[in-house]
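Order of the sequence lines fixes the chain letters, A, B, ..., with proteins taken first and strands second; residue numbering starts at 1 for each chain.
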There are 2 protein chains.
Amino acid sequence: MKNVRVVRSGSIKSYQISPDGEEVVSGFFLPGEVIGLDALATETHPSFAVALEDSQTCDIPLPDFLKMLRDSPKLNEVMIRLLSEEMVETRELLLVVGRLDAQTRVALFLLSLSRRLARRRQNPDQFKLSMDRRDIANYLGITIETVSRTLSKFQRNDIIEVHGKQIRILNRQALESIAMPGLNASTQTGGESSQSTG
Amino acid sequence: MKNVRVVRSGSIKSYQISPDGEEVVSGFFLPGEVIGLDALATETHPSFAVALEDSQTCDIPLPDFLKMLRDSPKLNEVMIRLLSEEMVETRELLLVVGRLDAQTRVALFLLSLSRRLARRRQNPDQFKLSMDRRDIANYLGITIETVSRTLSKFQRNDIIEVHGKQIRILNRQALESIAMPGLNASTQTGGESSQSTG
DNA sequence: CGGTTTTTTGAATCGAATCAATAGGCGTGG
DNA sequence: CCACGCCTATTGATTCGATTCAAAAAACCG
């Protein structure tokens with residue numbers, strides 16, 4: 001699969017196969033987002049991609065893309081910028097993922113989805129998860145059970161509403177304060193919320 | 001610090017300041033490695049860098065560097081490749097850091113250092129850590145105590161020898177098998193109480 | 001519907017963090 | 001050179017969060 005792929009509609013899961021044969025989810029892509037930029041290094045995708053729902057994508061074969069790169073200095077600049085941005089984002093995720101507790105990861109995940117939906121003018125406060133719990137857990141590096149428990153807890157605290165894959169954000173502020181690594185503890189989250197102060 | 005920086009000698013720690021004011025170590029750089037590629041996106045470094053020992057670096061001011069990029073399609077290509085490679089590497093680290101236990105992280109860390117030393121023709125089996133336990137812990141997303149315990153354990157199992165910052169790798173195979181996420185468990189690493197020469 | 005898979009919830013266990021105390025290095029000054 | 005104090009590292013005991021194992025409940029599909 002040596003393509004650069006632009007997502008047009010639907011959603012895509014990308015994953016790798018770890019040395020021990022396990023699937024490892026490395027990202028979810030929404031419309032407008034680009035998959036396979038890291039293919040530029042190796043000229044082969046280190047990862048696979050599957051659609052999570054009916055999706056349309058626009059594939060550009062890697063050789064063609066490289067040729068375009070050579071022909072267009074402008075595209076070159078854009079690509080460097082895109083890569084560099086993705087780099088910053090991934091680096092941040094890296095800082096975050098290894099050291100955060102489960103509920104922070106889940107909060108960040110929900111907010112990330114929300115933000116990306118907002119960017120394409122969809123309701124950021126109510127949306128349907130296109131991936132199942134297993135994929136979320138895998139992506140966040142926690143277990144299915146912990147994802148489930150955490151969502152339940154958020155719901156109990158009136159931060160979100162969960163109906164299967166349907167999510168509604170009720171208290172964005174609370175969610176954001178949970179997502180903040182160690183920053184301000186209590187918003188108006190009452191109940192059992194108890195995000196640790198340090 | 002709007003520079004792209006090439007490390008010539010010594011070693012450099014790069015870090016960010018998290019929202020709650022904590023230092024977060026984001027990488028260690030050895031000679032020949034390049035710091036600040038992600039500066040290309042924002043035109044400002046998201047991170048700081050300090051020398052861990054006497055070091056020489058070669059700084060290229062970002063504007064100059066960007067001009068060079070504009071003037072040289074060749075450099076452009078090289079940069080895209082470099083960024084893309086760094087991307088792959090960081091992505092892998094990401095997969096790994098969020099889901100691995102402490103001793104796997106430490107093993108990977110030691111092997112990473114070793115590999116990078118080998119690349120520049122230094123002894124990959126005996127070297128001095130230029131950073132302290134605090135930095136290692138911070139980088140790996142675990143605590144000082146856990147780093148210490150893990151190194152001690154490796155030593156007890158005759159996998160490495162530790163004298164403060166001086167490290168000697170005694171059983172690379174064992175270290176590698178620990179570093180493998182969930183792959184073949186026992187080389188001769190066995191449990192804590194495996195046989196040993198004394 | 002029945003059967004399957006996904007999700008939620010509960011109880012027990014395990015690993016790492018935390019709290020606390022000791023040991024080792026290292027530079028300064030007696 | 002040794003004594004002292006400071007800082008880093010190690011080790012031990014306890015606590016806490018997440019995993020694991022197990023089972024029930026809900027959603028999904030032919």
A/S152 side-chain N/O to C/dT9 phosphate OP1/OP2 under 4.0 Å: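 Looking at the OP1 and OP2 atoms of C/dT9, one of them is under 4.0 Å from a side-chain N or O of A/S152.
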
A/R133 vs C/dT8: side-chain N/O to OP1/OP2 distance below 4.0 Å: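 Affirmative; the distance criterion is met.
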
Suppose we screen for side-chain hydrogen bond (donor to acceptor under 3.5 Å, both in side chains). Which residues come up paired with [X], at least two apart in sequence or across chains?
X	result
A/K67	A/D71
A/Q126	A/R168
B/D101	B/T104
B/T57	B/D59

Axial bend angle, the helix from C/dC1-D/dG30 to C/dG30-D/dC1: five-pair end segments, nearest 10°: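 Roughly 30°, once rounded to the nearest ten degrees.
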
Nearest-Å distance for atom pair CG/C1', residues A/L151 and D/dA25: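 In whole Å, D/dA25 C1' and A/L151 CG are 17 Å from each other.
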
Cationic N near anionic O, under 4.0 Å, A/K165 to A/E53: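 Here A/K165 does not pair with A/E53 in a salt bridge, since their nearest N and O are not under 4.0 Å apart.
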
Listed partners of A/D125 passing salt bridge (Lys or Arg N to Asp or Glu O under 4.0 Å), at least two apart: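 A/R172.
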
Residues in salt bridge (Lys or Arg N to Asp or Glu O under 4.0 Å) contact with B/E145, at least two apart in sequence or another chain: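 Expected list: none.
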
Could you pull out the protein-nucleic contacts involving nucleotides 18-22 of chain D (nitrogen or oxygen on both sides, under 3.5 Å)?
from	atom 1	to	atom 2	distance (Å)
D/dA18	OP1	A/A102	N	2.6
D/dT19	OP2	A/T143	N	3.3
D/dT19	OP2	A/T143	OG1	3.1
D/dT19	OP2	A/T146	OG1	2.4
D/dT20	O4	A/R149	NH2	2.7
D/dC21	N4	A/E145	OE2	3.1

Residue pairs involving residues 109-120 of chain B (criterion salt bridge (Lys or Arg N to Asp or Glu O under 4.0 Å); sequence neighbours excluded):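 Listed once each, the pairs are B/E33-B/R116.
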
Options C/dT9, D/dA9, D/dT10, nucleotide nearest the side-chain atoms of B/K165: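 Taking heavy atoms from C-beta onward, the closest nucleotide is D/dA9.
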
